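Scroll down for the structure; my scribbles are underneath it.
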Amino acid sequence: MSHVNLVTGGAGFIGSHLCEALIERGEEVLCLDNFFTGRKANIQHLLGNPQFELVRHDIVNPIVLEADRIFNFACPASPVHYQHNPVKTIKTNVMGALNMLGLAKNVGARILQASTSEVYGDPTVHPQVESYWGNVNPIGPRSCYDEGKRVAEALFFDYHTQNTVDIRVVRIFNTYGPRMLVNDGRVISNFVVQALRNQPITIYGDGEQTRSFCYVSDLVKGIICMMDCNDFTGPVNLGNPSEFTIRQLADLVVELTGSRSKIEFKPLPENDPSRRRPDISLARERLRWSPVVSLHEGLEHVIAYFSDLLTKK
Ligand code: NAD
Ligand code: UDP
């Protein structure tokens, strides 16, 4: 059956790759975005396609649209962007989830929430399993995002229990790829852009904190598997379990770009999680999904992307 998919945040980094993959499956896509961190350029190549429509809208406000599948991705994801206007970030997460769940309830759509590894906060369980409840500071600089996403999960499960809304919840771990913004502020785009410009690579803290990086094509496959899966609400972790220190990442980026950049240590932001790695046993078992793109290979794609972008400027 061909679906009509509403993708909120569809002009953003992950959202635009998701729109593209759904179009390639022969499905229809309503891409909704307020262009806070998204760009028309990300979806420019889809604009003339009859399967694709673009709606400029802010999910903080209700909207009525006909769709049988909703992917709720609208929310700035980089700490720099989500901390720019924390109240708006909470509103996007909480009121946005309420509006999209209300829509799903009214039109009988299946709805998937882009949740995050940030619901685990600075985790005391490693690697992180879905049954872990997390360690989040409710009043810190990251709480507008972390707590917003936690409330959104609660809303999803309450709408499921109380109103039998057909929900899916994925907890996405650090994902990277082409279409990240030059000024995105997240570690991979920062390091690659700095290396290509031969500017200092800014490591926050001592660089011993870890992250596990998933290439966007792997993630999008996992998201679609989850949406297609029957009788499984999640939450399910989606990410690449290969774990690296930030120092290792900096060294790899310098090596792959052949950059003359030096490392510069800067203060560690408050509440920066010290370790992060997904346990993806549940995704392997229920979705038969696991990532295939290594950090080395994914970085090569991202380096080529930013290199092209920076030469065009
Ligand atoms: P992004 O900032 O590139 O995309 C977010 C998109 O949402 C943008 O197009 C932005 O303009 C749009 N948006 C923001 N607020 C909106 C609003 N109020 N109304 C309508 N549109 C709005 O970020 P991304 O990395 O593509 O992340 C997409 C989703 O995935 C987010 O919900 C994020 O929390 C989640 N996620 C991403 C990662 C990651 O590593 N990239 C990890 C965990 C979760
Ligand atoms: N980081 C860094 N230099 C940068 C940007 C980020 O050392 O220029 C660190 C950051 O402190 C964190 C890790 O890299 O420990 C991942 O940061 P990012 O903002 O990409 O994602 P998140 O912290 O949300 O996982």
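Given the structure is predicted, the values throughout are model-derived calculations rather than measurements. Both counts, for ligands and for their atoms, begin at 1 and track the order of listing.
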Verdict with reasoning, Y120 to R171, per side-chain hydrogen bond (donor to acceptor under 3.5 Å, both in side chains): CA-CA 10 Å; Y120 302 122; R171 292 182 179 155; 3.0 Å; yes

Region of Y145 engaging ligand 1 - heavy atom pairs below 4.0 Å: side chain

Pair R25 + E20: basic N to acidic O under 4.0 Å: no

N-O pairing of R284 and D279 below 4.0 Å: no

Where ligand 1 meets N174 - atom numbers and elements under 4.0 angstrom, heavy-atom basis: 40 (O)

N42 side chain vs A11 backbone, donor-acceptor pair below 3.5 Å: yes

Nearest-neighbour protein heavy atom for atom 13 (N) of ligand 1, which is reported as residue plus atom name and distance: N34 OD1, 3.3 Å

Protein contact of atom 27 (O) of ligand 1 - nearest heavy atom, named by residue and atom, plus distance: A77 CB, 3.6 Å

R186 near ligand 1 by a heavy-atom separation under 4.0 Å: yes

Side-chain donor-acceptor pair present, Q83, H81, cut-off under 3.5 Å: no

Minimum non-hydrogen distance to atom 44 (C) of ligand 1, winning option of S115, G38, P76: S115

For atom 40 (O) of ligand 1, the option (of V55, T175, I223) bearing the nearest heavy atom: T175

Identity and separation of the nearest protein heavy atom to atom 4 (O) of ligand 1: G12 CA, 3.6 Å

Nearest neighbour in protein (non-hydrogen) for atom 19 (N) of ligand 1: I59 N, 3.0 Å

Polar contact flag, side-chain donor to acceptor under 3.5 angstrom, T8-D33: no

Whether F73 and F71 hold their rings parallel, tilted or perpendicular, with breakpoints at 30° and 60°: tilted

Geometric N/O contact F36 with ligand 1, under 3.5 angstrom: yes

Heavy-atom donor-acceptor pair, T161 side chain to D158 backbone, under 3.5 Å: no

Polar side chain donor-acceptor pair, E243 to T210, under 3.5 angstrom: yes

Protein heavy atom at shortest distance from atom 18 (N) of ligand 1: D58 OD1, 2.9 Å

CA sep, side-chain torsions, deciding dist, call: Q199, S261, side-chain hydrogen bond (donor to acceptor under 3.5 Å, both in side chains): CA-CA 5 Å; Q199 290 170 347; S261 294; over 6 Å; no

For atom 26 (O) of ligand 1, the protein heavy atom that lies nearest, with its residue and separation: I14 N, 2.8 Å

Proximity to ligand 1 by part of H57, non-hydrogen separation under 4.0 Å: backbone

Which of the ligand 1 atoms, numbered from 1, are nearer than 4.0 Å to a heavy atom of I172: 38 (C), 42 (C), 43 (C), 44 (C)

Per atom 32 (O) of ligand 1, closest listed option by heavy atom (H17, K88, K149): K149

Backbone of Y159 reached by a side-chain donor or acceptor of Q162 within 3.5 Å: no

Worked check of side-chain hydrogen bond (donor to acceptor under 3.5 Å, both in side chains) between R110 and N230: CA-CA 10 Å; R110 178 175 288 182; N230 290 319; 2.9 Å; yes

Stepwise side-chain hydrogen bond (donor to acceptor under 3.5 Å, both in side chains) check, N198 with S259: CA-CA 6 Å; N198 293 307; S259 172; 3.3 Å; yes

Neighbouring residues of ligand 2, heavy-atom cut-off under 4.0 Å: P79, E118, R142, N174, G185, R186, V187, N190, F191, T202, I203, Y204, Q209, R211, I246, P269, D272, R276

Whether H160 side chain and V165 backbone form a donor-acceptor pair below 3.5 Å: yes

Identity of the nearest option to atom 3 (O) of ligand 1, non-hydrogen atoms only, from Y82, F71, F13, Y176: F13

Separation of I14 CD1 from I223 CD1 (nearest 0.5 Å): 6.0 Å

Which segment of E118 sits under 4.0 Å of ligand 1 when only heavy atoms are counted: neither

N or O contact, S117 vs ligand 1, cut-off under 3.5 Å: no

Pairwise ring-ring contact (aromatic ring centres under 6.0 Å, His included) hits with a residue in residues 198-248, at least two apart: Y176-Y215, Y215-H301

Donor-acceptor under 3.5 Å (W289 side chain, M226 main chain): no

Carboxylate-amine/guanidinium contact R179 D184, below 4.0 Å: no

Winner among G15, G239, C75 once heavy atoms are compared against atom 7 (O) of ligand 1: C75

Heavy-atom nearest neighbour in the protein, as seen from atom 1 (P) of ligand 1, with distance rounded to 0.1 Å: T37 OG1, 3.6 Å

Shortest protein heavy-atom distance from atom 29 (C) of ligand 1, along with the residue and atom involved: F73 O, 3.3 Å

Test of proximity, T116 against ligand 1: N or O pairs below 3.5 Å: no

Enumerated ligand 1 atoms positioned under 4.0 Å from heavy atoms of F35: 11 (O)

Element-labelled atoms of ligand 1 that are located less than 4.0 Å from some non-hydrogen atom of G9: 6 (C), 7 (O), 9 (O), 12 (C)

